[in-house]
Number of protein chains: 2
Amino acid sequence: MTEIVNKMDVLKSYIETKGLKSTAQRDYIADTFFKTNTHISLDELLKKVKRKTPNIGYATVYRTMKLLTESGLAIARQFGDGQTRYENLPEDGHHDHIICIKCSRIAEFSNQKIEQLQMEAAKKLGFTVVNHKLELYGYCPDCV
Amino acid sequence: MTEIVNKMDVLKSYIETKGLKSTAQRDYIADTFFKTNTHISLDELLKKVKRKTPNIGYATVYRTMKLLTESGLAIARQFGDGQTRYENLPEDGHHDHIICIKCSRIAEFSNQKIEQLQMEAAKKLGFTVVNHKLELYGYCPDCV
DNA sequence: TGGTTAGATGATAATAACTTTCATTTTCAA
DNA sequence: TTGAAAATGAAAGTTATTATCATCTAACCA
Ligand SMILES: [Mn+2]
Ligand SMILES: [Mn+2]
Ligand SMILES: [Zn+2]
Ligand SMILES: [Zn+2]
(Lines give C-alpha, C1' and ligand atoms only; values in the text may rest on other atoms or scores of the structure.)
(Ligands and ions follow the chains in the order given, each with its own letter.)
Protein backbone atom coordinates (compact mmCIF):
# COMPACT_ATOMS: atom_id res chain seq x y z
CA MET A 1 0.00 0.00 0.00
CA THR A 2 2.33 2.65 1.29
CA GLU A 3 4.76 1.02 -1.10
CA ILE A 4 2.79 1.88 -4.19
CA VAL A 5 1.96 5.38 -3.03
CA ASN A 6 5.65 5.92 -2.49
CA LYS A 7 6.51 4.66 -5.92
CA MET A 8 3.87 6.87 -7.43
CA ASP A 9 5.40 9.81 -5.57
CA VAL A 10 8.83 8.95 -6.92
CA LEU A 11 7.36 8.82 -10.41
CA LYS A 12 5.54 12.12 -9.95
CA SER A 13 8.73 13.71 -8.76
CA TYR A 14 10.68 12.30 -11.71
CA ILE A 15 8.05 13.59 -14.10
CA GLU A 16 8.20 17.04 -12.56
CA THR A 17 11.99 17.15 -12.66
CA LYS A 18 11.99 16.27 -16.34
CA GLY A 19 9.31 18.82 -17.18
CA LEU A 20 6.88 16.13 -18.25
CA LYS A 21 3.14 16.06 -17.75
CA SER A 22 0.88 13.90 -15.68
CA THR A 23 -1.71 11.78 -17.48
CA ALA A 24 -4.38 9.31 -16.46
CA GLN A 25 -3.02 6.65 -18.81
CA ARG A 26 0.48 6.85 -17.42
CA ASP A 27 -0.76 6.78 -13.85
CA TYR A 28 -2.91 3.75 -14.47
CA ILE A 29 -0.19 1.84 -16.30
CA ALA A 30 2.32 2.63 -13.56
CA ASP A 31 -0.14 1.67 -10.83
CA THR A 32 -0.92 -1.61 -12.57
CA PHE A 33 2.76 -2.35 -12.94
CA PHE A 34 3.53 -1.46 -9.33
CA LYS A 35 0.92 -4.00 -8.25
CA THR A 36 2.54 -6.87 -10.15
CA ASN A 37 5.12 -9.05 -8.51
CA THR A 38 6.07 -10.98 -11.62
CA HIS A 39 8.46 -10.43 -14.48
CA ILE A 40 5.92 -9.02 -16.88
CA SER A 41 6.18 -8.43 -20.62
CA LEU A 42 4.76 -5.42 -22.45
CA ASP A 43 2.05 -7.54 -24.03
CA GLU A 44 1.01 -8.97 -20.69
CA LEU A 45 0.94 -5.55 -19.10
CA LEU A 46 -1.02 -4.08 -22.00
CA LYS A 47 -3.57 -6.87 -21.68
CA LYS A 48 -3.96 -6.17 -17.97
CA VAL A 49 -4.31 -2.45 -18.51
CA LYS A 50 -6.81 -2.86 -21.33
CA ARG A 51 -9.23 -4.62 -18.98
CA LYS A 52 -10.04 -1.29 -17.35
CA THR A 53 -9.09 1.05 -20.19
CA PRO A 54 -9.53 -0.79 -23.50
CA ASN A 55 -8.61 2.20 -25.60
CA ILE A 56 -5.08 2.45 -24.30
CA GLY A 57 -2.32 1.89 -26.84
CA TYR A 58 0.69 -0.39 -26.88
CA ALA A 59 2.95 2.60 -27.50
CA THR A 60 1.85 4.27 -24.30
CA VAL A 61 2.60 1.17 -22.26
CA TYR A 62 5.95 0.93 -23.99
CA ARG A 63 6.78 4.56 -23.28
CA THR A 64 5.62 4.33 -19.69
CA MET A 65 7.81 1.30 -18.99
CA LYS A 66 10.71 3.10 -20.61
CA LEU A 67 10.09 5.99 -18.26
CA LEU A 68 9.83 3.75 -15.23
CA THR A 69 13.07 2.04 -16.20
CA GLU A 70 14.85 5.37 -16.63
CA SER A 71 13.61 6.56 -13.28
CA GLY A 72 14.84 3.39 -11.62
CA LEU A 73 11.40 2.16 -10.58
CA ALA A 74 11.45 -0.76 -12.98
CA ILE A 75 14.17 -3.13 -14.11
CA ALA A 76 14.21 -4.51 -17.64
CA ARG A 77 15.25 -8.14 -17.96
CA GLN A 78 16.02 -10.46 -20.84
CA PHE A 79 15.58 -14.13 -20.10
CA GLY A 80 16.24 -15.34 -23.60
CA ASP A 81 12.64 -15.89 -24.69
CA GLY A 82 12.86 -12.99 -27.09
CA GLN A 83 10.98 -10.38 -25.15
CA THR A 84 11.89 -7.89 -22.49
CA ARG A 85 10.32 -8.42 -19.10
CA TYR A 86 9.97 -5.82 -16.39
CA GLU A 87 10.02 -6.21 -12.65
CA ASN A 88 9.60 -3.78 -9.81
CA LEU A 89 12.78 -2.53 -8.23
CA PRO A 90 13.23 -4.94 -5.32
CA GLU A 91 13.37 -3.14 -1.98
CA ASP A 92 15.66 -5.83 -0.61
CA GLY A 93 18.33 -5.10 -3.17
CA HIS A 94 19.74 -6.85 -6.19
CA HIS A 95 18.92 -10.46 -6.98
CA ASP A 96 19.63 -12.99 -9.70
CA HIS A 97 17.38 -15.51 -11.40
CA ILE A 98 16.94 -19.17 -12.07
CA ILE A 99 14.58 -20.07 -14.89
CA CYS A 100 12.89 -23.42 -15.52
CA ILE A 101 13.53 -24.44 -19.12
CA LYS A 102 10.34 -26.51 -19.15
CA CYS A 103 7.63 -24.39 -17.50
CA SER A 104 9.39 -20.99 -17.55
CA ARG A 105 8.94 -20.53 -13.81
CA ILE A 106 11.34 -17.95 -12.44
CA ALA A 107 12.86 -18.07 -8.98
CA GLU A 108 15.08 -15.45 -7.42
CA PHE A 109 18.13 -15.67 -5.24
CA SER A 110 21.02 -13.59 -4.11
CA ASN A 111 24.38 -14.72 -2.94
CA GLN A 112 26.84 -12.26 -1.54
CA LYS A 113 29.73 -14.67 -1.93
CA ILE A 114 29.10 -14.98 -5.67
CA GLU A 115 28.99 -11.20 -6.02
CA GLN A 116 32.26 -10.99 -4.16
CA LEU A 117 33.94 -13.58 -6.35
CA GLN A 118 32.70 -11.80 -9.47
CA MET A 119 34.37 -8.60 -8.34
CA GLU A 120 37.59 -10.46 -7.72
CA ALA A 121 37.50 -12.19 -11.09
CA ALA A 122 36.98 -8.82 -12.77
CA LYS A 123 39.71 -7.15 -10.79
CA LYS A 124 42.15 -9.87 -11.79
CA LEU A 125 41.53 -8.83 -15.40
CA GLY A 126 41.80 -5.13 -14.63
CA PHE A 127 38.09 -4.51 -15.11
CA THR A 128 35.72 -2.55 -12.92
CA VAL A 129 32.26 -4.06 -12.63
CA VAL A 130 29.26 -1.76 -13.02
CA ASN A 131 26.57 -4.40 -13.21
CA HIS A 132 26.15 -8.03 -14.05
CA LYS A 133 23.74 -10.64 -15.28
CA LEU A 134 23.58 -14.06 -13.73
CA GLU A 135 20.94 -16.45 -14.91
CA LEU A 136 20.75 -20.14 -14.16
CA TYR A 137 18.70 -22.33 -16.47
CA GLY A 138 17.43 -25.73 -15.45
CA TYR A 139 14.47 -27.60 -14.02
CA CYS A 140 12.24 -26.41 -11.21
CA PRO A 141 11.07 -28.77 -8.46
CA ASP A 142 7.80 -29.46 -10.33
CA CYS A 143 9.55 -30.31 -13.59
CA VAL A 144 12.06 -32.63 -11.86
CA MET B 1 46.35 -26.11 -37.52
CA THR B 2 45.58 -29.63 -36.40
CA GLU B 3 42.83 -27.87 -34.45
CA ILE B 4 41.00 -26.67 -37.49
CA VAL B 5 41.46 -29.89 -39.41
CA ASN B 6 39.98 -31.68 -36.43
CA LYS B 7 37.03 -29.36 -36.28
CA MET B 8 36.47 -29.78 -39.98
CA ASP B 9 36.49 -33.53 -39.44
CA VAL B 10 33.93 -33.22 -36.69
CA LEU B 11 31.77 -31.14 -39.00
CA LYS B 12 32.18 -33.61 -41.87
CA SER B 13 31.21 -36.41 -39.58
CA TYR B 14 28.17 -34.51 -38.30
CA ILE B 15 27.09 -33.76 -41.86
CA GLU B 16 27.41 -37.41 -42.80
CA THR B 17 25.44 -38.57 -39.78
CA LYS B 18 22.62 -36.21 -40.61
CA GLY B 19 22.53 -37.22 -44.26
CA LEU B 20 23.53 -33.76 -45.40
CA LYS B 21 25.78 -32.86 -48.29
CA SER B 22 29.16 -31.24 -48.50
CA THR B 23 29.49 -27.89 -50.22
CA ALA B 24 32.27 -25.47 -50.92
CA GLN B 25 30.37 -22.59 -49.36
CA ARG B 26 29.80 -24.36 -46.11
CA ASP B 27 33.39 -25.53 -45.91
CA TYR B 28 34.71 -22.05 -46.49
CA ILE B 29 32.37 -20.42 -43.99
CA ALA B 30 33.24 -23.04 -41.38
CA ASP B 31 36.94 -22.70 -42.04
CA THR B 32 36.75 -18.94 -41.75
CA PHE B 33 34.84 -19.22 -38.51
CA PHE B 34 37.26 -21.80 -37.08
CA LYS B 35 40.09 -19.35 -37.70
CA THR B 36 38.50 -16.56 -35.67
CA ASN B 37 39.17 -16.21 -32.00
CA THR B 38 36.63 -13.49 -31.37
CA HIS B 39 32.95 -13.38 -30.61
CA ILE B 40 31.81 -12.76 -34.15
CA SER B 41 28.42 -11.68 -35.46
CA LEU B 42 26.78 -13.00 -38.63
CA ASP B 43 27.34 -9.70 -40.40
CA GLU B 44 31.00 -9.67 -39.49
CA LEU B 45 31.46 -13.25 -40.61
CA LEU B 46 29.60 -12.62 -43.85
CA LYS B 47 31.85 -9.65 -44.57
CA LYS B 48 34.94 -11.76 -43.96
CA VAL B 49 33.67 -14.58 -46.14
CA LYS B 50 32.65 -12.25 -48.96
CA ARG B 51 36.24 -11.08 -49.35
CA LYS B 52 37.12 -14.39 -51.00
CA THR B 53 33.66 -15.40 -52.26
CA PRO B 54 31.60 -12.26 -52.88
CA ASN B 55 28.60 -14.14 -54.21
CA ILE B 56 27.93 -15.96 -50.98
CA GLY B 57 24.62 -15.17 -49.29
CA TYR B 58 23.72 -14.12 -45.78
CA ALA B 59 21.32 -17.04 -45.48
CA THR B 60 24.09 -19.54 -46.10
CA VAL B 61 26.24 -18.02 -43.39
CA TYR B 62 23.23 -18.04 -41.10
CA ARG B 63 22.47 -21.68 -41.85
CA THR B 64 26.08 -22.73 -41.48
CA MET B 65 26.39 -21.12 -38.07
CA LYS B 66 23.15 -22.78 -37.05
CA LEU B 67 24.64 -26.09 -38.10
CA LEU B 68 27.89 -25.45 -36.26
CA THR B 69 25.95 -24.54 -33.14
CA GLU B 70 23.85 -27.69 -33.36
CA SER B 71 26.93 -29.81 -33.80
CA GLY B 72 28.55 -28.22 -30.77
CA LEU B 73 31.41 -26.62 -32.67
CA ALA B 74 30.15 -23.09 -32.08
CA ILE B 75 28.52 -21.40 -29.15
CA ALA B 76 25.92 -18.68 -29.67
CA ARG B 77 26.13 -15.78 -27.23
CA GLN B 78 23.99 -12.74 -26.51
CA PHE B 79 25.79 -9.83 -24.94
CA GLY B 80 22.88 -7.45 -25.02
CA ASP B 81 23.88 -5.43 -28.07
CA GLY B 82 21.00 -6.90 -30.03
CA GLN B 83 22.83 -9.43 -32.12
CA THR B 84 23.93 -12.99 -31.64
CA ARG B 85 27.66 -13.58 -31.55
CA TYR B 86 29.39 -16.89 -32.13
CA GLU B 87 32.56 -18.23 -30.65
CA ASN B 88 34.49 -21.42 -31.17
CA LEU B 89 33.93 -24.12 -28.59
CA PRO B 90 36.75 -23.50 -26.13
CA GLU B 91 38.98 -26.53 -25.70
CA ASP B 92 39.69 -25.55 -22.12
CA GLY B 93 36.03 -25.81 -21.13
CA HIS B 94 33.33 -23.39 -20.17
CA HIS B 95 34.04 -19.74 -19.47
CA ASP B 96 32.13 -16.60 -18.64
CA HIS B 97 32.52 -13.05 -19.93
CA ILE B 98 33.18 -9.52 -18.84
CA ILE B 99 32.24 -6.83 -21.33
CA CYS B 100 33.47 -3.23 -21.42
CA ILE B 101 30.45 -0.93 -21.64
CA LYS B 102 32.56 1.74 -23.32
CA CYS B 103 34.66 -0.03 -25.98
CA SER B 104 32.84 -3.38 -26.09
CA ARG B 105 36.02 -5.33 -25.41
CA ILE B 106 35.27 -8.81 -24.14
CA ALA B 107 37.43 -10.70 -21.67
CA GLU B 108 36.92 -14.24 -20.50
CA PHE B 109 37.29 -15.90 -17.16
CA SER B 110 36.23 -19.00 -15.35
CA ASN B 111 35.86 -19.52 -11.65
CA GLN B 112 35.14 -22.93 -10.26
CA LYS B 113 34.06 -21.52 -6.94
CA ILE B 114 31.37 -19.39 -8.56
CA GLU B 115 30.06 -22.39 -10.48
CA GLN B 116 29.97 -24.33 -7.25
CA LEU B 117 28.04 -21.62 -5.43
CA GLN B 118 25.57 -21.35 -8.31
CA MET B 119 24.81 -25.05 -7.99
CA GLU B 120 24.26 -24.66 -4.29
CA ALA B 121 22.00 -21.66 -4.70
CA ALA B 122 19.91 -23.59 -7.22
CA LYS B 123 19.76 -26.68 -5.04
CA LYS B 124 18.51 -24.59 -2.15
CA LEU B 125 15.53 -23.65 -4.33
CA GLY B 126 14.99 -27.19 -5.52
CA PHE B 127 16.23 -26.47 -9.02
CA THR B 128 18.64 -28.47 -11.14
CA VAL B 129 21.00 -26.36 -13.25
CA VAL B 130 21.48 -27.31 -16.88
CA ASN B 131 23.40 -24.23 -17.97
CA HIS B 132 23.93 -20.66 -16.98
CA LYS B 133 24.80 -17.23 -18.18
CA LEU B 134 27.14 -15.00 -16.24
CA GLU B 135 28.13 -11.68 -17.72
CA LEU B 136 29.87 -8.84 -15.97
CA TYR B 137 29.57 -5.37 -17.44
CA GLY B 138 31.97 -2.60 -16.60
CA TYR B 139 35.12 -0.82 -17.73
CA CYS B 140 38.19 -2.46 -19.17
CA PRO B 141 41.70 -1.35 -18.14
CA ASP B 142 41.93 0.99 -21.16
CA CYS B 143 38.63 2.69 -20.41
CA VAL B 144 39.44 3.12 -16.71
C1' DT C 1 -11.30 31.23 -16.95
C1' DG C 2 -10.02 30.79 -21.96
C1' DG C 3 -5.77 30.69 -24.74
C1' DT C 4 -1.38 28.89 -25.67
C1' DT C 5 1.83 25.33 -26.28
C1' DA C 6 4.88 21.71 -24.95
C1' DG C 7 4.20 17.21 -24.04
C1' DA C 8 1.19 12.84 -24.47
C1' DT C 9 -1.50 9.59 -26.91
C1' DG C 10 -2.76 5.95 -30.20
C1' DA C 11 -2.65 4.35 -34.77
C1' DT C 12 0.46 3.22 -37.89
C1' DA C 13 4.86 2.93 -40.16
C1' DA C 14 9.71 1.86 -39.85
C1' DT C 15 13.65 -0.91 -37.95
C1' DA C 16 16.51 -4.63 -37.30
C1' DA C 17 17.80 -9.20 -36.60
C1' DC C 18 16.49 -13.17 -37.58
C1' DT C 19 13.99 -17.03 -40.10
C1' DT C 20 11.57 -19.01 -43.95
C1' DT C 21 10.29 -19.61 -48.77
C1' DC C 22 11.15 -20.77 -53.39
C1' DA C 23 13.18 -21.19 -57.87
C1' DT C 24 17.44 -22.91 -59.27
C1' DT C 25 21.77 -25.26 -58.75
C1' DT C 26 24.66 -28.84 -56.87
C1' DT C 27 25.85 -33.15 -54.66
C1' DC C 28 26.21 -37.97 -54.65
C1' DA C 29 24.59 -42.74 -54.54
C1' DA C 30 22.95 -46.01 -57.69
C1' DT D 1 25.18 -40.61 -66.21
C1' DT D 2 21.03 -39.56 -63.71
C1' DG D 3 17.54 -38.43 -60.59
C1' DA D 4 16.27 -37.53 -55.91
C1' DA D 5 17.53 -34.96 -52.03
C1' DA D 6 19.88 -31.22 -50.21
C1' DA D 7 22.03 -26.51 -50.64
C1' DT D 8 22.17 -21.90 -52.23
C1' DG D 9 20.99 -16.97 -52.73
C1' DA D 10 17.55 -13.60 -53.32
C1' DA D 11 13.71 -12.12 -51.53
C1' DA D 12 9.82 -12.24 -48.54
C1' DG D 13 7.97 -13.03 -43.89
C1' DT D 14 8.35 -12.61 -38.62
C1' DT D 15 8.50 -10.46 -34.38
C1' DA D 16 9.72 -7.35 -30.93
C1' DT D 17 10.91 -2.92 -30.55
C1' DT D 18 11.20 2.04 -31.76
C1' DA D 19 9.84 6.17 -34.39
C1' DT D 20 6.49 9.16 -36.77
C1' DC D 21 2.62 12.06 -37.02
C1' DA D 22 -1.90 13.93 -36.68
C1' DT D 23 -4.68 14.95 -32.93
C1' DC D 24 -5.40 15.56 -27.73
C1' DT D 25 -4.63 17.34 -23.28
C1' DA D 26 -2.35 19.18 -19.13
C1' DA D 27 -0.51 23.10 -17.12
C1' DC D 28 0.86 27.81 -16.90
C1' DC D 29 -0.78 32.45 -17.45
C1' DA D 30 -2.97 36.91 -19.06
MN1 LIG E 1 13.46 -10.79 -10.39
MN1 LIG F 1 33.99 -16.39 -24.95
ZN1 LIG G 1 9.32 -25.91 -14.28
ZN1 LIG H 1 36.91 -0.68 -22.83
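A, B, ... follow the sequence lines: proteins, then strands. Residue 1 opens every chain.
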Could you give the CD1-to-C1' distance, from A/I15 to C/dA8, as a whole number of Å?
11 Å
Does the side chain to side chain contact (heavy atoms under 4.5 Å, CB included) test come out yes or no for B/Y86 and B/L45, once each step is laid out?
CA-CA 9 Å; B/Y86 299 85; B/L45 184 54; over 6 Å; no
With heavy-atom distances below 4.5 Å as the criterion, would you say the side chains of B/T64 and B/Y28 are in contact?
no
Which ones in residues 59-71 of chain B lie close to DNA chain D, meaning a heavy atom under 4.0 Å from one of its atoms?
B/A59, B/T60, B/R63
Just the rounded figure in Å: distance from C1' of D/dA7 to OH of B/Y14.
16 Å
Above 12 or not: heavy atoms from other molecules or residues under 6.0 Å from NZ of B/K50?
yes
When you compare the side chains of B/Q112 and B/Q116, does any donor N or O come within less than 3.5 Å of an acceptor on the partner?
no
Please lay out, stage by stage, how A/Q78 and A/T84 fare under the test side chain to side chain donor-acceptor pair (under 3.5 Å).
CA-CA 5 Å; A/Q78 294 278 163; A/T84 302; 2.7 Å; yes
To the nearest 0.5 Å, how far apart are CG in B/L134 and CG in A/L136?
9.0 Å
4.5 Å side-chain heavy-atom contact, B/F79 and B/R85
yes
Distance in Å, B/I29 CD1 paired with B/M65 CE, rounded so as to fall on 0.5 Å steps:
9.5 Å
Interatomic distance, B/L46 CG vs D/dT8 P [rounded to whole Å]:
13 Å
Length of the NZ-P vector between A/K50 and C/dT9, whole Å
14 Å
Gap between atom CG of A/L67 and atom OH of A/Y14 - 0.5 Å precision:
6.0 Å
CZ of B/R85 versus P of C/dC18: gap in Å, rounded?
10 Å
Separation of D/dA16 atom P from A/L45 atom CG, nearest Å, is 16 Å
Rounded distance in Å - CG (A/N55) to C1' (C/dT9)
10 Å
Does the side chain of B/T84 get closer than 4.0 angstrom to OP1 or OP2 of C/dC18 through an N or O atom?
yes
Residues in contact with DNA chain D, drawn from residues 18-44 of chain A - heavy-atom cutoff 4.0 Å:
A/K21, A/S22
CD1 of B/I56 versus C1' of D/dT8: gap in Å, rounded?
9 Å
